[in-house]
Amino acid sequence: MQIEQQLTSEIQKAVRHLFGAEPPDIQLQPTRPEFAGSHTLVCFPLTRLSRKSPDETAQAIGAYLTANVPWISAFQVVKGFLNISLSDSVWTKVLAYIFQHTAYGTLPASGREIMVEYSSPNTNKPLHLGHLRNNFLGWSVSEILKANGYTVHRVQIINDRGIHICKSMAAWKLFGNGETPQSSGMKGDHLVGKYYVEFDRQYKKEVKALMEQGLSEEEAGKQAPIMQLATDLLRRWEAKDEETLSLWRTMNGWVYQGFEATYRRMGVTFDKLYYESDTYLLGREEVLKGLQQGVFYKKEDGSVWVDLTAEGLDHKVLLRADGTSVYITQDIGTAILRFRDFPNIEGQIYTVGNEQEYHFKVLFIILRKLGYSWAEKCHHLSYGMVDLPTGKMKSREGTVVDADDLMDEMVKDAETLTRQLGKIEGLTEAEARELFETIGLGALKFFLLKVDPRKRMLFDPQESIQLQGFTGPFIQYTHARIKALLRKAAQEGISFGAKGFENLQKLEPAERHVVQVLSRYEEKVKEAALLYSPAIIANYAYELAREYNQFYQTIPVLGETDNSSVQFRLALSDAVARVIAHAMHLLGIRVPERM
RNA sequence: GGCUCCGUAGCUCAAUGGAUAGAGCAACUGCCUUCUAAGCAGUAGGUUGAAGGUUCGACCCCUUCCGGAGUCACCA
């Protein structure tokens with residue numbers, strides 16, 4: 001895929017020859033569809049060299065190119081823009097290249113290694129819509145980095161200890177009557193989540209009662225018996241009280257079983273799990289070392305701080321007066337531990353909501369101050385919250401869109417529509433189920449990934465998820481359609497290959513357009529990695545599918561009489577199907593053979 | 001209040017400083033006797049929050065304001 005480079009070098013030659021000067025950056029961009037041509041040269045920056053108007057400059061370069069470069073067939077000047085048309089033989093060669101490179105879109109291994117963290121849930125409640133965005137993003141960015149030649153290690157840190165799980169434990173002790181996932185038939189994470197909500201309900205009741213007795217809200221909050229039970233459980237946990245540890249292990253075990261089912265359905269996996277209960281004491285040593293090196297300072301009360309005013313930030317506590325760790329201390333320790341576990345990684349990517357931007361800014365500065373050069377390559381993959389029409393999601397109050405429920409609903413919708421359209425004929429029950437799953441999850445993932453990760457997005461359960469238009473199923477459909485076409489070709493005994501169309505001289509505009517979009521794929525894969533943005537891939541996949549559908553709708557493939565054209569169109573279709581499958585794979589979305 | 005992010009069609013979202021700001025949904029009109037109509041073609045819908053500035057050229061960069069969100073915890 002070196003058209004761009006070759007074209008650039010020809011333009012540089014032209015500029016040197018015509019204006020006798022070394023050209024600055026050549027600005028090439030795709031030609032807008034309403035004009036003829038595929039590449040557009042922006043001529044304004046060249047006017048300083050040419051000492052001519054933009055139009056005259058463009059005219060001169062265009063004339064030179066068409067006269068001297070055999071594969072440039074035509075040009076057109078529009079208001080300082082030089083639109084360049086390449087001969088169709090270039091495009092047939094491009095297609096031949098893409099068709100023959102089965103790994104098109106996957107860049108060669110770079111030998112570079114990187115870690116991506118995502119998910120990292122608390123264990124007191126099931127996963128919700130926000131986690132879905134997080135997991136799909138983390139997964140997709142990992143795939144995109146792999147396609148860019150990286151070796152990727154996917155990890156998460158499971159926040160399995162702390163007051164939140166103790167709250168669920170407290171409520172379960174009080175109201176659970178020994179309920180288990182088996183006895184209730186509930187998924188483990190949902191069962192534990194139920195008691196988390198139960199805790200909040202009871203807590204509010206108690207606080208209200210205490211306030212009616214004249215206590216302040218703060219005081220009432222502390223004295224509420226159920227809160228005292230929870231903090232007592234936390235104390236016992238830290239003191240390694242066996243009974244408490246046992247309940248903790250049991251309830252976390254329920255949650256993990258539930259999570260596992262959810263992750264499996266989401267199609268998400270991890271290479272290594274870190275548990276906060278193992279890592280929460282880490283970092284203290286590092287901070288003490290930093291204190292000795294004079295990177296940090298100690299206050300009279302014994303607490304340890306870092307001064308970030310030079311970086312335009314504030315002072316930040318790293319160890320409490322009693323010597324215990326805070327959140328960021330743990331993260332310092334965990335980061336260093338991970339670099340010991342994976343010595344070859346050059347950096348870490350943290351998929352965490354944008355409300356923690358300040359935290360990660362501080363974390364990376366501290367790691368740099370401690371002398372870890374890899375801190376430069378640490379990146380907070382920050383994403384915006386998913387809003388509901390009703391406002392913010394609150395786990396405590398149970399006003400969340402549950403991940404399992406949502407996936408169920410999506411798959412059900414997919415099933416309803418698929419049946420309505422009569423598309424399950426000839427499928428076994430198992431195949432049909434798999435198809436509903438593929439479509440439903442494809443719609444959900446695509447919906448969450450097509451938006452720029454940084455942006456806050458709105459999720460309207462009633463209207464947001466569609467199966468038509470700019471959606472995953474639209475792209476899946478295009479893929480299935482091509483597969484049907486290829487099956488039919490095989491049935492009719494038509495085989496095809498790059499040799500079959502090497503002499504094709506003339507292309508239809510619709511054919512040319514599809515090849516042009518195909519030729520941009522690798523650029524997009526690089527760009528997506530650079531920006532950590534699956535949205536770029538999603539938008540590209542949609543553009544490609546749309547372009548192909550236009551072709552498909554207007555140009556016959558198997559009905560064509562000219563054999564070279566049949567060969568070309570089949571190869572084109574095959575290449576589109578493969579690139580769609582590749583792009584969707586980068587998004588973690590499967591594509592069906594039929595739908 | 002300081003800092004960060006966001007503000008684009010009725011709604012949800014696009015647009016490496018480049019051409020007449022594009023899609024989908026919703027609304028309206030066409031196209032299944034031809035490879036899958038989850039499709040295609042078309043109509044309508046915009047003072048890109050506002051005002052200045054830089055530039056040959058600004059949704060994009062700078063300044064100020066308006067509106068929204070987040071953060072500034074010895075919670076995680």
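To find a chain, count down the sequence lines: A is the first, B the second, and so on, and within it residues start at 1. Side chains are part of it too, since the values below use all heavy atoms of this structure and drop only hydrogens, waters and symmetry mates.
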What is the nucleic acid contact for [X], judged by heavy atoms within less than 4.0 Å: base, sugar-phosphate only, or nothing?
X	answer
A:Asp322	nothing
A:Val451	sugar-phosphate
A:Ala489	nothing
A:Met595	base
A:Ile439	base
A:Asn83	base
A:Ser573	nothing
A:Phe474	sugar-phosphate
A:Gln476	nothing
A:Ile555	base
A:Glu543	nothing
A:Pro592	nothing

Proximity to the side chain of [X] - top-ranked nucleotide from [options]:
X	options	answer
A:Phe470	B:C72, B:G24, B:U36	B:G24
A:Val326	B:A19, B:U36, B:A76	B:A76
A:Gln29	B:U4, B:U16, B:G39	B:U16
A:Leu458	B:C35, B:C75, B:U12	B:U12
A:Lys488	B:G18, B:A38, B:C35	B:C35
A:Val557	B:C35, B:G18, B:A23	B:C35
A:Tyr552	B:G18, B:A38, B:C35	B:C35
A:Phe44	B:C72, B:U36, B:C56	B:C56
A:Glu355	B:A19, B:A41, B:G70	B:G70
A:Pro45	B:G18, B:A38, B:C25	B:G18

Polar atoms only, N or O, under 3.5 Å: list the protein pairs with nucleotides 27-33 of chain B and their distances.
none

- Item | From CA spacing to verdict: salt bridge (charged side-chain N to carboxylate O under 4.0 Å, His left out), A:Asp387, A:Arg456 | CA-CA 7 Å; A:Asp387 278 321; A:Arg456 219 186 155 99; 2.4 Å; yes
Please state whether the phosphate of [N], meaning OP1 or OP2, lies under 4.0 angstrom from any side-chain nitrogen or oxygen of [X].
X	N	answer
A:Arg32	B:G22	yes
A:Arg481	B:A37	yes
A:Arg454	B:C6	yes
A:Lys455	B:G7	yes
A:Gln550	B:A41	yes
A:Lys299	B:C74	no
A:Tyr477	B:A38	yes
A:Asn549	B:C40	yes

How long is the line joining [atom1] of [X] and [atom2] of [N], in whole Å?
X	N	atom1	atom2	result
A:Leu319	B:C75	CG	P	13 Å
A:Tyr542	B:G39	OH	P	9 Å
A:Phe35	B:G22	CZ	C1'	15 Å

- Task: Please measure how far the P atom in B:A21 lies from the corresponding atom in B:C60, and state the result in whole Å.
- Result: 14 Å
- Toward the 5' end of RNA chain B, by each residue's nearest nucleotide, A:Ile536 or A:Glu34: A:Ile536
- More 5' along RNA chain B: A:Leu28 or A:Trp305, using each one's nearest nucleotide? A:Leu28
- Side-chain donor-acceptor pair present, A:Asn134, A:Thr351, cut-off under 3.5 Å: no
So, [X] side chain and [Y] main chain: donor-acceptor pair closer than 3.5 Å or not?
X	Y	result
A:Gln356	A:Gly353	no
A:Asp574	A:Leu570	no
A:Tyr477	A:Leu467	no
A:Lys445	A:Leu587	no

Does [X] contact [N] through a side-chain donor or acceptor facing the base, at a distance under 3.5 Å?
X	N	answer
A:Asp301	B:C74	yes
A:Thr478	B:A38	no
A:Thr40	B:A19	yes
A:Lys361	B:U4	no

- Task: Just say parallel, tilted or perpendicular for the rings of A:Tyr297 and A:Trp305, cut-offs at 30° and 60°.
- Result: parallel
- Query: Mind checking whether A:Tyr350 and A:Phe360 have parallel, tilted or perpendicular rings, split at 30° and 60°?
  - Reply: tilted
- Message: Could you check B:C32 for me: syn (within 90° of 0) or anti?
- Response: syn
- Task: Taking Watson-Crick and G-U wobble pairs with both distances under 3.5 Å, convert RNA chain B into its dot-bracket string, 5' to 3', dots for unpaired and | for cross-strand pairs.
- Result: (((((((..((((....[...)))).(((((.......))))).....(((((..]....))))))))))))....
- Is the A:Phe474-A:Phe446 ring centre distance short of 6.0 angstrom? no
- Side-chain heavy atoms of A:Leu381 within contact of A:Val352, under 4.5 Å: no
- Item | Salt bridge flag under 4.0 Å for residues A:Asp301 and A:Lys299 | no
- How far apart are the C-alpha atoms of A:Glu4 and A:His39, what are their side-chain angles, what is the distance that settles it, and do they pass the side-chain hydrogen bond (donor to acceptor under 3.5 Å, both in side chains) test? CA-CA 9 Å; A:Glu4 228 111 293; A:His39 296 79; 3.0 Å; yes
- Message: Looking at A:Glu218, I want to see if its CD is surrounded by more than 12 non-hydrogen atoms of other residues, nucleotides or ligands under 6.0 Å.
- Response: no
